[in-house]
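Beneath this line is the structure, given in structure tokens, with notes to follow.
Keep in mind that what you see is a predicted model, and the values were worked out from it rather than measured. What's counted below: heavy atoms across the whole structure, side chains too, no hydrogens, waters or symmetry copies. First the proteins, then the strands, lettered A, B, ... as listed; each starts at 1.
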Amino acid sequence: NAGVTQTPKFQVLKTGQSMTLQCAQDMNHNSMYWYRQDPGMGLRLIYYSASEGTTDKGEVPNGYNVSRLNKREFSLRLESAAPSQTSVYFCASSRDYKGEQFFGPGTRLTVL
Amino acid sequence: KNEVEQSPQNLTAQEGEFITINCSYSVGISALHWLQQHPGGGIVSLFMLSSGKKKHGRLIATINIQEKHSSLHITASHPRDSAVYICAVPPTGNQFYFGTGTSLTVIP
């Protein structure tokens with residue numbers, strides 16, 4: 001089992017460009033999450049999907065959109081990247097909404 | 001106001017020492033999660049516990065729900081334990097609470 005996988009691992013964008021971060025899990029988990037982590041700050045939730053077919057905003061949703069494509073996949077889209085979105089992005093999944101979370105390896109994104 | 005507080009923020013220990021990291025929280029919870037983030041950035045789940053104590057190898061986690069406090073202990077610390085340790089509480093609505101982490105360095 002691969003657990004939670006994320007692509008790409010690294011990405012450099014110019015301001016205004018768009019991109020989609022992909023996340024997939026093979027643990028048959030119901031819930032999936034997108035976080036960002038900035039230096040000196042803890043993990044902050046961007047969006048989550050408590051179950052297939054639902055998505056909800058987290059603490060810092062502005063500038064992002066998500067799609068729960070199916071039970072396995074949860075993507076994060078930046079429509080018009082800004083330097084403030086330079087961060088490390090983590091995807092996670094859990095069996096149930098309040099359950100133990102398992103994290104992907106992260107995507108390091110730089111917006112110039 | 002931070003609903004999840006960890007202490008200490010930074011910790012340096014000699015190899016072999018017994019280490020304790022503390023987590024206090026102000027929200028009502030049914031369980032608490034301990035995570036480990038390696039220097040390379042990956043995040044690993046260590047424990048999720050709702051009462052008492054859990055042990056995995058040299059790691060022990062305890063929780064007191066009434067006192068809203070949890071501790072993570074590392075016995076016989078080793079340089080490979082050097083990492084950031086994060087406590088987190090399960091979500092309430094769309095509120096997720098994570099501590100800012102304790103950075104541990106174990107010196108050989």
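With values rounded to the nearest 0.5 angstrom, F96(B) atom CZ is found 6.5 Å from Y48(A) atom OH. Q101(A) CD to L35(B) CG: the interatomic distance, rounded to the nearest 0.5 Å, is 8.0 Å. One finds the CD atom of E100(A) at 10.0 Å from the CG atom of L49(B) (value rounded to the nearest 0.5 Å).
When all heavy atoms of F90(A) and G41(B) are compared, the pair lying nearest together is CZ-O, 3.3 Å. Closest heavy-atom contact between K98(A) and M48(B): O-CE, 3.1 Å.
If you chain together hydrophobic residues whose side chains sit under 4.5 Å apart, L109(A) and L43(A) never meet in one group. Residues L46(B) and F102(A) do not share a hydrophobic cluster, defined by chaining ILVMFWY side chains whose heavy atoms lie under 4.5 Å apart. Under the 4.5 Å side-chain heavy-atom criterion for ILVMFWY residues, no single connected hydrophobic cluster contains both V4(B) and V84(B). Both Y85(B) and I63(B) are part of a single hydrophobic cluster, where members link through side-chain heavy atoms under 4.5 Å apart. Clustering ILVMFWY residues whenever any of their side-chain heavy atoms sit less than 4.5 angstrom apart, transitively, puts V88(A) in a cluster other than the one holding L78(A).
The number of heavy atoms from other shown groups lying within 6.0 Å of CZ (R95(A)) does not exceed 12. Within 6.0 Å of CZ in R108(A) there are 12 or fewer heavy atoms belonging to other residues, nucleotides or ligands.
L45(A) touches chain B through its side chain: at least one heavy atom from C-beta onward sits under 4.5 Å away, while N, CA, C and O do not. Looking at Y97(A), the atoms closer than 4.5 Å to chain B (heavy atoms on both sides) sit in the backbone and in the side chain alike.
For residues 98-108 of chain B, a heavy-atom distance under 4.5 Å to chain A picks out F98(B), G99(B), T100(B), given by residue number.
Of the listed residues (G99(A), G106(A), P105(A)), the greatest number of heavy-atom pairs within a distance under 4.5 Å of chain B belongs to G99(A).
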Q: Decide yes or no on side chain to side chain contact (heavy atoms under 4.5 Å, CB included) for F103(A) and V44(B), but give the supporting numbers first.
A: CA-CA 7 Å; F103(A) 287 78; V44(B) 175; over 6 Å; no

